[in-house]
Each structure stands twice: as structure tokens, then as C-alpha cells.
Amino acid sequence: MRQLWAHLGWQDIKQRYRRSVIGPLWITISMGVTAVGLGVLYSVLFDTPWKTFLPYVVVGFIVWNFINGCLTEGMDTFIVNEGMIKQMPAPLSVYVLRTVWRQVLMLAHNMVIYVVMLAIFFQYLDHPYTMTPGSTVIHPGLGWNTLLVVPGAVLLAINGTWVALLLGIISTRFRDIPQVISSVLQLVFYLTPIIWSPDTFLYGNDQSLAWARVLFQFNPLYHFVQVMRGPLIGQVVSPVSWLVVAGFTIVGWAVALVAMRNYRARVSYWV
């Protein structure tokens, strides 16, 4: 039922900005203002060259907004569609795909910020560069590795689908789950390299930060962000990140399909 969920997802965007002059571009404007403001602020706080740090923060915000949307709106995917679930005989996957498709459309709108950012900072990203002065990590810059953004974006969308499916089922049964996860996400945002770069203090020789390096590598959201952000700003994505994302894709879909098989018939009663 591709035409149904695609139409519903597009209507969600249009309805949200109904009677607005510039419509969904408000998504892009609000995202751009926030990302630029925090990028400039933290480049000063961390004494980092803003010409490479600002694109890093902007693209990080774009990718994080997609991940955060799949998580937060995915939890409510069946709850907000209560009326349609009870009245229309459609597969539950329609509502999941509607949610993810809406996030994909918002991601596409936000990519306008990336195009503008790339036009301004291309000269600083098209050759090898470091995020911080004296850093031992040298990023190769924009090149053919930028094409890896395609499989990275596809993997994010695939994972966003199973996340919305699984969390949607759990949150429909236990209504406290969305509040718990939303609160945890606020903390996870600051623990994930979005407004700070791991090159700033995690790759030095200071042994006192060894615990931070371990914690940093075990943050799965960093790997999800990096498989799309890295190619867009000319950073090499570690094979570990691809393996982590691929592993979560396989395991996540296996768990989501089991939950779908066991609880699909109960969702209409839980809503």
C-alpha cells in the first residue's frame, strides 16, 4: 500500500504548515538557525576553527533530527493513528512507513541547509583537514567517499522503520515509555558527538580520558550519525561504525518482526 502511506506522510507535512507562506521551509530555517548558533558558540568554547567545525555541527544536527524524529514520533505511531486503525482495514506497517516517510521528507528539506553550507565552506573541506589545531586525526576531505552517504542514508531509514515498529508496539501497551525515552534522549544528545567533536579531546595522549574513549565507542547513536555525516563532510567512516549499524539493522529487525508477529492483533485493542 505504498501510495497510501506516501500520501499520508506528505499530507502530514502539508497539514502541519497549512496557511504558512513558506510552508515546510520553516523546518529548514529553524534547524539552520539552531545549528549555526550552537556551532559558532561551541567553536569558541572549544577553541576550534569554525570553518570546519560549523559544517560538522550543522550536518550532525541534520542527521540527529532524523534519528530523533524516528524515535520520538515512532513511539506514537500507533497512538496518533488510533482512529484509522479502528476504522480502516490496513496493515500496521502502513502507519510505521507513514511515520518514517514523514521523517525522510523532513530530512530532504533540511538537506537544503547542507547545500548552502557546502557552497560556503567547500574550499575548507575539499582537501585534508584537522578539526582541531595539532590534532593527529587528519580527515581526507570531500571526494569519492562522499558517495557513501547513499548507503548510510538507506541504512538510517531501514533502522528508523524497525525502531518505529518496535517502539510503537511497546509504547502502545505501556504509555509511560515515550516520556521515559524522551527524557533519556535529552541526555544522550549531549553524550553523542553532535555539538562537540571527538577529535577535540578523545584522541589525545591523556590517559585520564581512557574511560571516555571506551564510553564513546560504545555509544551506538554516534555510529548511526557518523555513517551519514562522515561522507558529507569528508571524514572517513570507521569500519566499526558500519559493522555496528549493520548489526543493529539485523538484530533490530529480527526483534521487531517477532514483536509484530506476536502482538499485531492486540495493537487495535491497546490504542
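Below, all heavy atoms of this structure are taken into account, side chains as well, without hydrogens, waters or symmetry copies.
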- [ ] With rounding to the nearest 0.5 Å, note down the distance linking CG in Leu97 to CH2 in Trp101.
- [x] 11.0 Å
Task: Spacing of Arg98 atom CZ and Asn81 atom CG [to the nearest 0.5 Å] - done: 4.5 Å
- [ ] Mind running ring pair (Phe, Tyr, Trp, His ring centres under 6.0 Å) on Phe121 and Trp50 for me, showing each step along the way?
- [x] CA-CA 10 Å; Phe121 297 99; Trp50 64 274; 5.7 Å; yes
Task: Hydrophobic cluster identity match, Ile158 and Val258, side-chain contacts under 4.5 Å - done: no
Task: Shortest non-hydrogen contact from Ile194 toward Arg229 - done: CA-NH1, 4.0 Å
Open item on the list: Can you confirm whether Phe189 sits close enough to Trp64 that some side-chain heavy atom of one is under 4.5 Å from a side-chain heavy atom of the other?
Closed with: yes
TODO: May I have the step-by-step check of side-chain contact (heavy atoms from CB on, under 4.5 Å) for Leu232 and Met111, ending in yes or no?
DONE: CA-CA 11 Å; Leu232 288 175; Met111 287 302 292; 4.2 Å; yes
- [ ] Please round to the nearest 0.5 Å and tell me the distance separating atom CZ of Phe78 and atom CD1 of Ile85.
- [x] 6.0 Å
Open item on the list: Working note: Leu155 + Trp242, criterion side-chain contact (heavy atoms from CB on, under 4.5 Å); need CA distance, chi angles, decisive distance, verdict.
Closed with: CA-CA 10 Å; Leu155 282 173; Trp242 291 107; 3.8 Å; yes
TODO: Return yes if some donor-acceptor pair links the side-chain N/O of Thr99 with the main-chain N/O of Tyr95 below 3.5 Å, else return no.
DONE: yes
Task: Test item: Thr146 side-chain N/O and Gly143 main-chain N/O as donor-acceptor pair under 3.5 Å - done: yes
TODO: Answer with yes or no whether the hydrophobic clustering places Leu191 together with Ile67; edges join I, L, V, M, F, W, Y residues whose side-chain heavy atoms lie under 4.5 Å apart.
DONE: no
- [ ] Any chance you could measure Leu165, atom CG, to Thr161, atom OG1, to the nearest 0.5 Å?
- [x] 9.0 Å
TODO: Is it possible for you to say whether Tyr114 and Phe122 belong to one hydrophobic cluster, with membership spreading through side-chain heavy-atom contacts below 4.5 Å?
DONE: yes
Open item on the list: Quick check: do Val225 and Pro193 have side-chain heavy atoms less than 4.5 Å from each other?
Closed with: no
TODO: Over all heavy atoms of both residues, which pair between Ser268 and Lys86 is shortest? Give the atoms and the distance, please.
DONE: O-CE, 3.9 Å
TODO: For residues Ile195 and Phe53, report the shortest heavy-atom separation together with the two atoms involved.
DONE: O-CZ, 3.4 Å
Task: Any Ile62 side-chain heavy atom under 4.5 Å of Ile113 side chain - done: yes
Task: side-chain contact (heavy atoms from CB on, under 4.5 Å) assessment of Phe61 paired with Asn65 - done: CA-CA 6 Å; Phe61 256 94; Asn65 187 70; over 6 Å; no
TODO: Find the distance between CD (Gln226) and CD (Gln235) and round it off to the nearest 0.5 Å.
DONE: 5.0 Å
- [ ] Go through the steps for Trp196 and Thr48 under the test side-chain contact (heavy atoms from CB on, under 4.5 Å), then give the verdict.
- [x] CA-CA 10 Å; Trp196 55 272; Thr48 304; over 6 Å; no
Task: Side-chain heavy-atom pair Pro91, Val94 within 4.5 angstrom cut-off - done: yes
- [ ] Going by the side-chain contact (heavy atoms from CB on, under 4.5 Å) test, name the single residue among Val188, Val63, Leu185 that passes it with Asn68.
- [x] Leu185
Task: Within-4.5 Å side-chain heavy-atom neighbours: Leu54 and Ser43 - done: no
Task: For Met75 against Ser182, the heavy-atom pair lying closest together - done: CE-OG, 3.9 Å
Open item on the list: How close do Ala157 and Val100 get, counting heavy atoms only, and between which atoms?
Closed with: O-CG1, 4.0 Å
Open item on the list: Would you say that His139 contacts Ile233 through its side chain, given a criterion of any heavy-atom pair below 4.5 Å between the two side chains?
Closed with: no
Open item on the list: More than 12 heavy atoms of other residues, nucleotides or ligands under 6.0 Å from OH of Tyr263: yes or no?
Closed with: no
Task: Gap separating the CD1 atom of Ile29 from the OG1 atom of Thr34, nearest 0.5 angstrom - done: 11.5 Å
Open item on the list: With a 4.5 Å cut-off on side-chain heavy-atom distances among I, L, V, M, F, W and Y, is there a chain of contacts connecting Ile79 to Val267?
Closed with: no
- [ ] May I ask whether Val80 and Met84 are part of the same hydrophobic cluster, defined by side-chain heavy atoms of I, L, V, M, F, W, Y residues being less than 4.5 angstrom apart, directly or through others?
- [x] no
Task: Heavy-atom pair of closest approach, residues Phe224 and Asn159 - done: CE2-CG, 3.5 Å
